[in-house]
Each structure stands twice: as structure tokens, then as C-alpha cells.
Amino acid sequence: MSLKVYNSYTRTKEIFEPLTPGHVGMYVCGPTVSGESHLGHARPFITFDIIYRYLLHLGYKVRYVRNITDAGHFEEEGRDAEDKISKKAVLERLEPMELVQKYTNLFHWAMKQLNNHEPSIEPTATGHIVEQLNMIQTIIDAGYAYETNGSVYFDVKKYAASHDYGKLSGRVLDDLLETTRELDGQEEKRDRADFALWKAAPPEHIMRWRSPWGEGFPGWHIECSAMATKYLGAQFDIHGGGMDLMFPHHESEIAQSTICNHHTPAKYWLHNNMITVGGKKMGKSYNNHIKLTEMFSGNHHLLTQPFSPMTIRFFILQTHYRSTLDFSSEALAGAEKGLKRLWEAYTLLQQLPAEHSGEAADPALDERCKSLILAFDEFMNDDFSTAKVLANMFELVPVVNSLKDGHIKRDAVAADTIRLMQQKFRIYLEDIFGLVQEQAADNSKLAGVMQLLIDIRGEAKSKKDFVTSDKIRNQLTGLGILLKDEKDGSVNWTLA
RNA sequence: GGUUCUGUGGCCGAGUGGUUAGGCAGAGCUCUGCAAAAGCUCGUACAGCGGUUCGAAUCCGCUCGGAACCUCCA
């Protein structure tokens, strides 16, 4: 059973075979740190975190590179060349690098909240200006770029004569050349489809570097090509990012890297789909985005309550990464409850004794459990179908709960099967899906206080003093602590 | 306009041509001092119209709706 991934480049599912056996190089387009991350940004980083974790689980040695775009991009073709970062820096009266630092820190904080692993290397665009300049020079020397007024453009038409420009995104070059839109700065280009490798900086532009063509700043696409080449080589295994980056960003990356390195850069291109709101893509420019800090605090008009990082992570895992995922407060609330139920069953499962004699008293049930569990790997190997793994887990929840409370006899399922479930649930929920117990700040003092209250309530109940016992339970409920009277007479509590 | 994708029960969402997706919400029952939780049972959905097929949510065509990209965008 081997891993299959959907390769956007060939539009088919392919068996994953790394270029170097045992090793995987993966590049994922990271954030532009000119503002705060929103829910939409969480999707690719969680998606590729799961992919990273799964590759590690399969035993690969993975180098995961995710860049920080801190140089700011000019607005493509057309409008005034403007650097988003420097523009905002003026508004906020901050140094560009101060702004970049602020949002980089916030991004890292959010990633940690969401329990994403850190990438192996997190290179910044500003830290790789030299590499970008070298790459641009190589492209010029190869005859695929030209300089005009201090800016350098990639010659798409020339490239397309011998290469398949548009293959990744399904673009037809003739259509691109025929775009009728009126665009500023177009006159510097030989063709409309050409894209900038280097832009001359206007005087007011704060971020600027010296180059053989004058002072300026790098084009939109070159940083990823330069940094991917530097850290992963001329050819690497996986390039990931949001679907909205396929064109022109990834298409241009392919063209640049191909000219420099004589290879298409990545063997497999993986793209996650968008998060939508009422069917429309969530995005900064659509005015429908919810920042991650707002998600966590609940402080947004589209939210009826706060949602924890794990709820968001779980919500994203419940759908396939190549499908759109429609956001609503209601859908998130559903995910929150589902996660709670799953996690409680998982906790109970880990406490189930698996010591009885071995043979399953209910072979049909035992078999069902095993096949549900064994399908986990099959689903993940089929282009990372996290939603299906979760569905199977939910099918096992009633079994676990029933084993716990005696609806199903303990020996109905073989001890080996219990151990298999315990092991697989742990590996999948914690190692691969990266879910963690929230509010783990279960400190021992609170536990002691709770035990005291539970004892007092137990005494009241034994005297049929239900006024007192209900007062304790109701007031705790008001504080967000739920008491549960178990079948065996014990009392458990959970934080709501 | 071009390219691509998509339309599943109250909501979110899996779906490889024939067998239960799953979650949330809702209803009933069991358990319980009462709750909560849990367990059991239930809705019987696939935009519309044709076609292929013994059989289609799943393949094909058309119609209608939605989206993404074509501009910064995860």
C-alpha cells in the first residue's frame, strides 16, 4: 500500500516516489507578513503540516521549507507599483522591518496555537536578495529576460516556444497575450504575459536594494524559486500552496526555475482549496475575513462564540484539502462538539484495560473494529483523506463508550484489538493530525478542590439533600465545569 | 469573455456505478433522585431534464445555479 497524491501538474493521482529514496524535500509558500493572518491562511499551513507529519510517520526524512515573504510585492502589471509593506509602514509610522517583525511574531504565535510543527527552514525574502539577483542574472544570460528602465522582465513568449507555459494552471498563452485590459507599466514589457523579475523602485519606495539594473526590489515570484533552489536543490519532491497561487505565481516559478536549473522544479505540486464564507472565498480584499486572533477571542460579528485553535484544526481536517470549506459559526460549533465527543472517547479508550485473555467474544464486532482501524492508513495514503479517517473514528466512538460503561462486555473485543485501537488513535490524533488536549493546564490544586466538592456533594446526595448537591453541580456548570455521575457511582468532571 | 471546478437531507460535509459515510442540530426510548454524558432507534438526501446501463448521487449531454483563477491573494 503506497502513498498516492494528487499532482496538480498532471491533474492525476500519482504514486508518491521521492527523488532520493527515504528523503523528501517540500517547499510551501508561506505568509506575506504585511498583516495579520486570518482563518483562510490557516488552511494551507494546517494542511501541509498534516502532510509533513504523515511523511514523517511513513519514515521519510523530510526537509520542509516554508518562506516568509517580508519584502513586499508590487502590484502586478498595471496600477502603481507599490510595496504593500512600505505603504502600511508609512501609515503606521513604523519601520518596515518593525512591521515585518511584528507580523512574523504574530504568525509564529498563531502557528504554535494551531500546533503546527515548525518548518525545517523558514527563509526570508529579504535575507536572500543576493540569491535572487544571481538567479535573475542567470535568466538574463540565458536570454530569457530583458531589462527596461531598471526593471527586468521574463520573456514568456520566448520561454513558451520551447516549454509548456501554462501547463500547471491550464492557461493558454494566446489568451494571456490577448488580454484586453489596459494596464499601466505595460509599455515596459514586450508582451502582456511577461512578468517582472526585478522592479525599479520609485523614490518613495522604502524597501530597495542595489542591483546591476539600478535600485529596486525583487519581483513577486523570484523569491520562492531562489530559496527553493538554495535549500532543496534544482529538483525537489513537493511544492505546496493555495490554489489561488497556481497562476501566475507557481506558473512563473516553474518558468524561472526551469531556465535556471534546466529542470521543472517540483515533481509533485499540491494545492489546497479555499475557505469560503457564504460560498465566497475568504480574503483580505473581500472584506469577509476573520483574523485568527478574532477566531480565538470570538470578537467578530460573524462569530457567536470564540473557537479554540484545536476546533479550527479539527474543522479543517473534516473536509478534504482539495475541496472548498465553507465557514460559518454554526459549522464551527458543530465541529467543536464533534471534537469534544471524539476526544472524550479517545481519553476513555486509553484508559481501557486490555488484559483479558485475548479471544474476542464477539468476533463480528472485533472484525469490524479492526477493519475500521486498518482503513486509516488506506485513507491517508489516498491523497490524505483525513475526513474519512475521522468518520471511521466516529464509528468507533460508540464502541469505546459502550465498552467503558458496560453496554458491551469487555471481552467482546480481543485484547489485541483494544491495544491496536489505543495505538492507532494515539498515532493518528496526536502524531499525524496534531491534535492536543486543550486546557491541559489541569493543575493539581484545582483537581484537589474538585475532589473536595465532589466528596461534599456525594455526602449530601447520600443524605438525599438534593438541594445542596444540585447547588454544587449547577454552580460548577455555571463556571464551565461539568460533573458527570458515572454508572459505577464515581464522578468525573470536565471543563466545558 | 476565457480556463477550471462545483451543486448531496435543517446545517457542515464523505462518497471508487449496485451494499450505512460521518459530524452537528432534531424526535423517541434506556439509564438516572433530577440532570449531564452515554447507549439504542429514526429522517431515507443527492439542482433539473434527457441519455448510457440489468442498475447512477457516481458515466455522457443539455439547462439552471454557485465558485476559483485570468489583478495582490493561502
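Residue numbers begin at 1 in each chain, while the letters A, B, ... track the order of the sequences. The analysis underlying the following values was restricted to heavy atoms, covering all of them including side chains, and did not include hydrogens, waters or symmetry mates.
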For this session: Return the stacking result for B/rG33 and A/Phe466: yes when the ring centres lie under 5.5 Å apart and the planes under 30°, no otherwise.
Result: yes
For this session: Tell me what A/Asn392 touches on the nucleic acid: a base, only sugar-phosphate, or nothing, going by heavy atoms under 4.0 Å.
Result: nothing
For this session: Quick one: pull up CD1 in A/Ile316 and CG in A/Leu114 and give me the separation to the nearest 0.5 Å.
Result: 7.5 Å
Exercise. Would you say A/Tyr346 and A/Leu435 make side-chain contact, with heavy atoms under 4.5 Å?
Worked result: no
Exercise. Reckon A/Met274 touches a base, only the sugar-phosphate, or nothing at all at heavy-atom distances under 4.0 Å?
Worked result: base
Exercise. Any side-chain donor paired with an acceptor under 3.5 Å for A/Arg43 and A/Asn273?
Worked result: no
For this session: When you get a sec, tell me which of B/rG22, B/rG39, B/rC70 is the closest nucleotide to the side chain of A/Pro248?
Result: B/rC70
Exercise. Can you check the A/Phe315 CZ to B/rG13 P distance for me, whole Å?
Worked result: 7 Å
Exercise. What does A/Asn272 touch in the nucleic acid at a heavy-atom separation under 4.0 angstrom: a base, only the sugar-phosphate, or nothing?
Worked result: base
Exercise. Which whole number of Å gives the distance between the P atom of B/rA45 and that of B/rG22?
Worked result: 15 Å
For this session: Report the distance from atom CD of A/Gln132 to atom CG of A/Leu197, rounding to the nearest 0.5 Å.
Result: 10.0 Å
Exercise. NA contact type, A/Gly170, heavy-atom cut-off 4.0 Å: base, sugar-phosphate, or nothing?
Worked result: sugar-phosphate
Problem set entry | Side-chain N,O (A/Arg341) to OP1/OP2 (B/rA38) below 4.0 Å | yes
For this session: Searching all strands shown, indicate the nucleotide that pairs with B/rG65 (Watson-Crick or G-U wobble; both distances under 3.5 Å).
Result: B/rU6
For this session: Assign A/Leu339 to base, sugar-phosphate, or nothing according to its heavy-atom contacts below 4.0 angstrom with the strands shown.
Result: nothing
Exercise. B/rC54 and B/rG15: how far apart are their C1' atoms, nearest whole angstrom?
Worked result: 23 Å
For this session: Measure from CD on A/Glu251 to P on B/rU3 and round the result to the nearest Å.
Result: 16 Å
Exercise. Reckon A/His407 has a side-chain N or O less than 4.0 Å from the OP1 or OP2 of B/rG39?
Worked result: no
For this session: Record whether the side chain of A/Arg43 comes under 3.5 Å of the base of B/rA74 through a donor-acceptor pair of N or O atoms.
Result: no
Exercise. When we call it a touch if two heavy atoms are under 4.0 Å apart, what does A/Met246 touch: a base, just sugar-phosphate, or nothing?
Worked result: nothing
For this session: Just compare B/rG13, B/rG39, B/rC70 and give me whichever is closest to any side-chain atom of A/Arg171.
Result: B/rC70
For this session: Could you tell me whether A/His320 contacts a base, only the sugar-phosphate backbone, or nothing, with contacts defined as non-hydrogen atoms closer than 4.0 Å?
Result: sugar-phosphate
For this session: Look at all strands and tell whether A/Lys280 reaches a base, only sugar-phosphate, or nothing, counting heavy atoms closer than 4.0 Å.
Result: sugar-phosphate
For this session: Determine: side-chain N/O of A/Lys464 to OP1/OP2 of B/rC34, distance under 4.0 Å, yes or no.
Result: no
Seminar exercise, completed: Taking a pair to mean Watson-Crick or G-U wobble geometry with both distances below 3.5 Å, B/rG39 pairs with B/rC29
Problem set entry | Whole-angstrom distance between B/rC24 and B/rA67, as gauged at atom P | 30 Å
For this session: Report the nucleotide, chosen from B/rG33, B/rG22, B/rC40, that has the shortest atom-to-atom distance to any side-chain atom of A/Arg457.
Result: B/rG33
Exercise. Checking only heavy atoms, does the side chain of A/Arg473 share a donor-acceptor pair with the base of B/rC34 at less than 3.5 Å?
Worked result: yes
For this session: Go through the N and O atoms of the side chain of A/Asp485 and the base of B/rC34, and report whether any donor-acceptor pair is under 3.5 Å.
Result: yes
Seminar exercise, completed: Interatomic distance, CG@A/Leu325 vs NE2@A/His320, rounded to 0.5 Å, equals 12.5 Å
Exercise. B/rG39 phosphate, OP1 or OP2: any side-chain N/O from A/Asn401 under 4.0 angstrom?
Worked result: yes
For this session: Give the nucleotide from the list B/rA37, B/rA74, B/rG15 with an atom nearest to the side chain of A/Lys484.
Result: B/rA37
For this session: Have a look at A/Ile275 and say if it touches a base, only the backbone sugar-phosphate, or nothing, with a 4.0 Å heavy-atom cut-off.
Result: base
Exercise. Can you find a donor-acceptor N/O pair under 3.5 angstrom joining the side chain of A/Asp470 to the base of B/rG33?
Worked result: yes
For this session: Name the closest nucleotide to the A/Tyr286 side chain, picking from B/rC69, B/rC12, B/rA74.
Result: B/rC69
Problem set entry | From B/rG23, B/rG13, B/rC70, nucleotide with atom closest to A/Gln318 side chain | B/rG23
For this session: Could you let me know what B/rC46 is paired to, Watson-Crick or G-U wobble, both distances under 3.5 Å, or none if it's on its own?
Result: none
Exercise. P atom, B/rC70 versus B/rA21: distance in rounded Å?
Worked result: 38 Å
For this session: Name the nucleic acid region contacted by A/Glu395, choosing base, sugar-phosphate or nothing; use a 4.0 angstrom heavy-atom cut-off, strictly under.
Result: sugar-phosphate
For this session: Flag the pair A/Phe107 / A/Phe45 as yes when their ring centroid distance falls below 6.0 Å, and as no otherwise.
Result: yes
Exercise. At under 4.0 Å between heavy atoms, what does A/Ser37 touch on the DNA or RNA strands: base, sugar-phosphate, or nothing?
Worked result: nothing
Problem set entry | Pairwise P distance, B/rG55 and B/rA38 [rounded to whole Å] | 44 Å
For this session: Can you tell me, in whole Å, how much space there is between the P of B/rC5 and that of B/rC59?
Result: 12 Å
Exercise. So how far is it from A/Met380 CE to A/Ile50 CD1, rounded to the nearest 0.5 Å?
Worked result: 6.5 Å
Exercise. Using the C1' atom in both, what is the distance from B/rG26 to B/rC62, to the nearest Å?
Worked result: 39 Å
For this session: Identify whether any heavy atom of A/Ala331 sits under 4.0 Å from a base atom; if not, whether one sits that close to sugar-phosphate; answer base, sugar-phosphate or nothing.
Result: sugar-phosphate
Problem set entry | Closest to side chain of A/Val397, choosing from B/rG39, B/rC11, B/rG22 | B/rG39
Problem set entry | Sidechain N-carboxylate O distance under 4.0 Å for A/Lys13, A/Asp383 | no
Exercise. Going by distance alone, is a donor N or O of one side chain under 3.5 Å from an acceptor N or O of the other, for A/Asn67 and A/Tyr27?
Worked result: yes
For this session: Ignoring backbone atoms, test whether A/Lys337 places a side-chain nitrogen or oxygen under 4.0 Å from the OP1 or OP2 oxygen of B/rA25.
Result: yes
Exercise. Rounding to the closest angstrom, what is the interatomic distance between B/rG13 and B/rG33 at atom C1'?
Worked result: 41 Å
